[in-house]
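All remarks here apply to the structure that follows.
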Amino acid sequence: MSEQPQEIRREDYKEPDFIVEKVELVFDLDRDVTNVKSRLFMAANPVRGTGKGDKVFLHGEDMKLLSVTLNETRLASSDFTVDQEGLRFKAPGQNFIAELETQISPANNTRLEGLYVSQSAFCTQCEAEGFRRITYFPDRPDVMATYKVTINANKESCPVLLSNGNLIDSGDLDDGRHFAVWEDPFPKPSYLFALVAGDLACVEDSFKTMSGRDVALRIFVEHGNEDRCDYAMDSLKRSMKWDEEVYGLEYDLDLFNIVAVSDFNMGAMENKSLNVFNAKFVLARPDTATDGDYERIESIVAHEYFHNWSGNRVTCRDWFQLSLKEGLTVFRDQEFSADQRSRPVQRIKDVNALRAAQFPEDAGPLAHPVRPDSYMEINNFYTATVYEKGAELIRMMHTLLGPDGYRKGIDLYFDRHDGQAVTCDDFAKAMEDANGIDFSQLKLWYSQAGTPKLSWQGDYDADAKQYRLTISQKTDPTPGQPDKQPLHMPISIGLLGADGSDLVAKTVELTEASQEFIFDGVTEAPVLSFNRGFSAPVNITTDQPDDELVFLMGNDSDAFNRWEAGQKYATRLMLSAIAAYEANGGDVEAAFADEQARVDAFIAAMRATLTNDDLDKAFRADALVLPGEAFLSEQRKPANPEAIYQVRTALRKRIGQALSDDFANTYHQNASNAAFTPDATSAGQRALRATALAYLVASGEDEFADVAVAQYGTADNMTDQMAALSVLNNLDHPGRETALADFEERFANDGVVLDKWFSLQAMSSRDDTLARIKDLMSHPAFTMRNPNKVRALIGAFAMGNPRHFHAKDGSGYAFYADRLIELDDINPQVAARLCAPLGKWAKYDADRADKMKAELNRILAKPEISRDLYEIASKSAAS
Ligand code: B3K
Ligand code: ZN
């Protein structure tokens with residue numbers, strides 16, 4: 001980066017002066033020098049554009065420009081200008097054809113944006129702004145064109161040639177080359193363009209749509225992986241069906257392709273009819289993938305498929321509107337998973353993810369609204385806020401409108417805007433118009449950052465049989481937003497009678513800073529179940545007495561809040577033990593001394609959950625897991641990672657010891673001889689058994705470590721094997737080394753599976769962890785050029801090992817900053833994404849905070865720092 005990057009501001013949006021109606025691309029593929037010819041059918045945009053002007057600007061970066069031709073006349077170099085941002089020339093008229101010839105080098109493209117090489121295949125990633133690394137183009141989502149793409153390549157190394165839409169021609173050329181021509185009839189923005197070429201195996205299936213059309217479904221993978229595509233294919237078919245049934249949306253082409261690649265900056269990409277996936281979210285076989293992997297594959301396949309409507313048919317006007325497609329599509333994939341599996345378990349998972357990533361983001365230096373107001377690098381805004389909080393916003397609309405009203409709004413949205421690039425306001429307007437309601441206050445969720453804090457006060461009047469509930473809300477300032485307004489949100493509540501049944505169950509609408517709700521006909525003093533199903537994405541500051549939490553854990557008709565009550569109880573217990581640990585100078589046993597009665601009551605409630613056979617096993621597994629270290633750090637200021645780790649570990653040990661007979665029974669009763677199937681019920685059984693094993697091992701009894709060793713050796717599926725290995729991973733036990741060595745040997749040539757092995761070691765609580773990570777960096781399978789490897793080893797350390805990352809001597813921070821500096825020259829997007837953990841310095845004691853800030857400043861002093869990393873590091877260091 002040669003100068004300080006500019007902020008791009010939402011309020012500066014201008015319609016394009018020129019649009020492209022049609023694009024014809026010809027690729028002559030070569031790893032080192034690929035030639036790209038582009039013909040753009042351009043038109044002035046007098047209706048919407050600002051310009052009667054004749055200045056044309058096309059984005060372009062990191063390419064060699066060979067020629068510019070307008071209406072068949074080649075321009076002299078004095079007739080155009082090229083700088084770091086792109087190409088400028090004078091339009092020869094209102095309508096004209098621009099032809100551009102560029103050269104790029106896919107093999108040297110380590111940023112993995114634009115056209116690059118993964119293993120031996122060529123592939124592309126254009127969202128958000130990668131197309132401008134392929135050819136000069138108005139690379140902005142409000143320019144939608146139809147594409148015709150010709151790919152020429154060596155036939156032997158690239159037998160498969162793919163792009164968006166339909167194959168309309170193919171054949172042989174001279175010199176061992178061949179070609180294919182693809183045409184996509186649906187106008188699309190450049191970020192949805194894709195090309196794949198390589199020697200790939202193909203697994204094929206088909207789907208009959210609701211109107212009776214047959215769609216060919218193809219998954220392309222590296223040879224040898226054909227037997228790992230079944231679950232992705234099945235998920236795709238179920239997604240297509242679900243979108244027809246629940247949203248009335250049908251697939252619109254005769255072909256849908258998924259390609260799995262090993263080198264990918266994120267999870268997957270929804271390019272029109274040619275989804276490109278990180279291989280780890282496609283490939284699964286019982287002996288290579290865990291239940292968690294199966295679940296993620298299902299939801300990501302669905303997410304990308306759902307984008308065909310929410311994203312592709314109706315897209316974003318500009319990148320500030322990103323949540324228009326991402327928030328909506330996340331909500332859609334969450335609901336799909338809830339319908340396929342267990343709704344409460346899904347909600348628990350989604351809320352856990354929201355609290356683990358989005359709440360901290362909203363409370364830290366990078367806090368931004370769901371619809372941001374400015375950015376330096378848009379790739380930095382594919383955040384938990386835009387995605388997950390954006391999904392919560394759609395969920396609140398769904399709750400407020402009910403399923404039918406929501407569907408009316410969705411229908412109107414797609415009717416009105418099919419084929420257009422629109423805004424979050426357009427979405428909300430369709431919801432309002434279809435239902436005749438006013439969402440102006442609700443829409444503040446798009447513009448106001450920060451997690452609201454809610455408190456409540458309940459009063460029961462026995463004579464009047466009336467319950468009065470006062471709810472108050474407040475949102476703390478976030479960077480650039482000192483003053484916050486009250487938000488509109490649905491709060492689902494229940495009032496439970498002594499027998500555990502609901503006296504009242506309803507959803508109220510909070511709109512004021514403080515508001516009273518009155519419930520009549522309440523025949524006895526109730527226990528309140530607040531914010532059922534996490535109807536609003538908020539923090540609740542009111543403490544409910546322990547006995548009420550235990551009552552809710554055992555009785556709430558809302559399964560989410562049964563889980564939530566347990567989490568609250570556990571959090572409260574651990575927070576007071578953490579405070580005691582800090583006060584007594586680090587004696588973890590003494591830290592629980594004053595809490596014995598509460599610990600006993602909590603353990604009794606855990607036991608009731610564990611042994612309640614009426615409850616779903618997956619739910620029980622979730623309910624037995626204590627809030628994580630990251631969540632606990634969010635509740636403490638300053639957060640002491642060592643104290644948090646010690647207290648949480650000690651509580652797990654106590655639970656393991658107290659309930660060891662119950663856990664042993666659970667462990668044995670849930671063994672299974674049946675062949676592995678990835679369905680939710682079987683997965684729940686495995687999860688409950690794994691939780692039991694983890695507690696047994698946590699109890700500290702050696703015999704249980706031996707059980708884990710045996711399970712590792714005899715398991716016939718990856719889920720059970722990983723369950724065993726992850727508990728052994730933290731032990732000083734010879735079985736640990738043997739199992740890790742075995743795993744390494746078995747999966748030496750299997751990148752996707754070996755990543756689990758890297759991550760486990762990075763997240764180990766053992767004292768030698770950082771030294772081990774340093775050694776692993778020279779493992780033959782490790783490379784900083786592969787994002788999955790970087791995330792597995794380096795990312796997992798910072799995100800999944802708070803205790804060692806935050807080591808008092810600063811060794812974790814220094815190691816991490818070195819890696820980010822190294823990575824920034826290879827792949828700035830991934831480097832920037834990984835930088836966030838260092839930005840959390842304000843949460844820690846002065847000594848740690850100084851060390852973290854010093855590392856951020858060292859990163860900022862890097863010569864030639866990327867715009868991506870600069871934005872995150874500078875914002876993190878500043879506030
Ligand atoms: N839309 C892509 C994400 C693109 C990220 C660009 N940095 C995947 C998704 O959300 O479906
Ligand atoms: Zn998405």
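The first residue of the sequence shown is numbered 1, and numbering continues consecutively from there. Numbering of ligands and ligand atoms starts at 1, following listing order.
Nearest protein heavy-atom neighbour of atom 1 (N) of ligand 1: E127 OE1, 2.6 Å.
Not counting sequence neighbours, the partners of D12 by the salt bridge (charged side-chain N to carboxylate O under 4.0 Å, His left out) test are R9.
Centroid-to-centroid, the aromatic rings of F381 and F320 stay 6.0 Å apart or farther. Here F306 and F336 bring their ring centres to under 6.0 angstrom of each other.
Listed by number with element, the atoms of ligand 1 under 4.0 Å from a non-hydrogen atom of E326 are 1 (N), 9 (C), 10 (O).
Within the structure, ligand 1 has Q829 among the residues with a heavy atom less than 4.0 angstrom away.
No side-chain heavy atom of S235 sits less than 4.5 Å from a side-chain heavy atom of Y294.
Checked by distance only, ligand 1 and H307 come closer than 3.5 Å through their nitrogen or oxygen atoms. The N/O atoms of Y387, backbone and side chain alike, include one that comes under 3.5 Å of an N/O atom in ligand 1.
Only side-chain heavy atoms of K325 come within less than 4.0 Å of ligand 1; its backbone N, CA, C and O stay farther off.
In the model, N308 has a side-chain atom that pairs as donor or acceptor with a side-chain atom of D252 under 3.5 Å.
For the Zn ion (ligand 2), the set of nearby N, O or S atoms under 2.8 Å includes one belonging to E326.
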